[in-house]
Amino acid sequence: MLSESLSWKLLDELSSNLAANLGKFLISESPIIVYGHKNLLMPICFLAAVKSGRAYVPVDISVPLSRLEDIIRSVKPDIILAAEKLNISCECKIYDYDSIKALSTKQPEYITREKWLKPEEIFYIIFTSGSTGKPKGVKISRSCLDNFIKWAVTLCGNNSFRFLNQAPFSFDLSVMDLYLCLYLGGTEIAIDHEILSDMKSLIKLFTLSEASIWVSTPSFAEFCLSERKYFTSETLPKLQRFLFCGETLSNMTAKKLQNSFPEAKIYNTYGPTESTVAVTEILIDSAIQENYNPLPIGKAKKGTYIFIEDTDGKQLKDGEKGEIIIAGDTVSPGYWNDDEKTQKSFSQRIINGQIYRAYKTGDKGYFQDGNLYYCGRIDLQIKLHGFRIELEDIENNLAKLDEIIKAVVIPCYRNDGQIRSLSAFVKTREHVNNNFETEQNIRSKLRGFIPEYMIPKKFYFIDDFPMTDNGKINRMALQKELL
Ligand code: AMP
């Protein structure tokens, strides 16, 4: 369970060897795609890429091959480092597990630090769900990452640094545990998808882990809390901190956690991939738990400035709800190969005489008593079990199927306002006689295009969509059908 491990010395040596040995095969400056899961080769490949002076693009095995092909077409890499089995034909060279291992153990020519990525260069590109039906790549520079780490280490305390990693490396939440661990000289305990889906194994791993810092979405902690008898400080006696990000942390979840882990500190942090993991923080102590519902998402880190603006870009006062704009030293240079989208969402602002990049988050929020609060989205992006999804991404992929004319995906909410699942309303070319069979058929085809967590749970076949007065599909009316 905790059998495979990698020392600091080996990580450094193997990644340097790999960087040097790959050097001669890297014709252009294009980023390197690193495909895999929680394998030990993953951090070796990430570091090898940046030591060779190239950005890396992490892609998890949960990504369907057709989506990976979209990423390859967009990135045009010279090489792919596949730490897990990958059956795909493409123009670039694919290094499999054995060849990566061979290249990282072979004595190389020395790779000098001059080759390493410079602060203004792109360090990684993370592809997230895109409304067009194709994933969009968020570029993060080395200086964005450096500035994020400088702040985030202050959330880690000063005792033991054993990080529990839940998120796959293709999600930016994993940057929090992986790079804080690398920076602090700690230990990263990466939990793979098999263990994550089996509570018994998970509890066993917790017992062995001696973890001190927990990094996850609130959804994952809620999942663990369903086993309240075992998910306690007795199982994880060294756990000192919970660092949450990525979705709403409910007051109830915070209280339940505090009951099970009385000594642990719970931090709520907020931020999109576009501003490097997180940019606000707040310690959810007992006073906050007692007096605030919903919980605040806190105050901006040093180097970050947050504004609440209306649709005309006018700055709003305390208590007024508007779009959250993030400006500062961790805001991304933009989307990979997509100037149009970059210009739509990113800009520059002069703050205290200094120029910063700014990002229109699409999140709704407001300030109250110095703290920021999150209250949903202004568009069709959602979070389901911690995963960022554009509903149009699913709809556009459903529309690729021959039998479908149009599809609209609607979230189903729990009583506490969190999304429980997704339902698809579908208009088919031919009348559906057998709902179950058609549903199964659509589901299995859809798996070829989008990851499992994006597949709607329920399908409703309809003849026509309800429309609003101005001729748009009436999503509210469909939402009501689910009540
Ligand atoms: P991602 O790019 O996957 O990290 O998702 C970013 C989005 O997750 C943000 O734009 C928010 O909509 C949501 N989010 C992140 N952190 C929080 C939080 N602490 N509370 C509520 N929503 C959050």
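Whatever order the structure lists them in is the order used to number ligands and atoms, beginning at 1.
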Could you say whether the N/O atoms of Lys383 and ligand 1 ever approach to under 3.5 Å? yes

Quick test of your reading of the model: are Lys136 and Glu390 salt-bridged, counting only N-O distances below 4.0 Å? yes

When you check the gap from the basic side-chain N to the acidic O, do Lys344 and Asp338 get nearer than 4.0 Å? no

Within-shell test, Thr361 vs ligand 1, heavy atom, strictly < 4.0 Å: no

Just let me know how Tyr270 lines up against ligand 1, side chain, backbone, both or neither, with a heavy-atom cut-off below 4.0 Å. both

Identify, by atom number and element, the atoms of ligand 1 in contact range of Gly271, meaning under 4.0 Å from any of its heavy atoms. 4 (O), 6 (C), 15 (C), 16 (N)

I'd like to know if Glu309 pairs up with Arg349 as an ion pair, taking the criterion as any Lys NZ or Arg NE/NH1/NH2 lying under 4.0 Å from an Asp or Glu carboxylate oxygen. yes

Glu323 with Lys364: basic N within carboxylate O range, under 4.0 Å: no

Heavy-atom distances under 4.0 Å decide this one: backbone, side chain, both or neither, for Thr248 against ligand 1? both

Under-4.0 Å heavy-atom contact with ligand 1, by part of Arg388 that carries it: side chain

Where the side chain of Asn396 meets the backbone of Ser131, is there a donor-acceptor pair that is under 3.5 Å apart? yes

Which of Lys150, Arg357, Lys301 passes side chain to side chain donor-acceptor pair (under 3.5 Å) with Asp329? It is Lys301

Close approach, Thr269 and ligand 1, non-hydrogen under 4.0 angstrom: yes

Can we say Arg142 and Glu121 salt-bridge, meaning some charged N sits less than 4.0 Å from an Asp/Glu carboxylate O? no

Nearest option to atom 10 (O) of ligand 1, as decided by whichever heavy atom of Thr217, Ile324, Asp363, Ile326 sits closest: Asp363

Is there side-chain contact between Leu316 and Lys321, with at least one heavy-atom pair below 4.5 Å? no

Any idea which protein heavy atom is nearest atom 13 (C) of ligand 1, and the distance to it? Gly246 O, 3.5 Å

Per-atom contacts, ligand 1 versus Arg377 - under 4.0 Å to a heavy atom: 10 (O), 12 (O)

Numbering the atoms of ligand 1 from 1, which are under 4.0 Å from a heavy atom of Asp172? 4 (O)

Ligand 1 to Pro272, heavy atom cutoff 4.0 Å, flagged ligand atoms 2 (O), 6 (C), 10 (O)

Which of these, Val34, Ile72, Leu68, sits in a side-chain contact (heavy atoms from CB on, under 4.5 Å) with Val59? Leu68

What protein heavy atom sits nearest atom 17 (C) of ligand 1, and how far away is it? Glu247 N, 3.5 Å

Sub-4.0 Å heavy-atom approach of Leu249 to ligand 1: no

Salt-bridge criterion met for Lys314 and Asp312 (N-O under 4.0 Å): no

Could you list which atoms of ligand 1 come closer than 4.0 Å to a heavy atom of Thr273? 1 (P), 2 (O), 3 (O), 4 (O)

Which of the atoms in ligand 1, numbered in the order shown and given with their element, are less than 4.0 Å from a heavy-atom of Asn268? 19 (N)

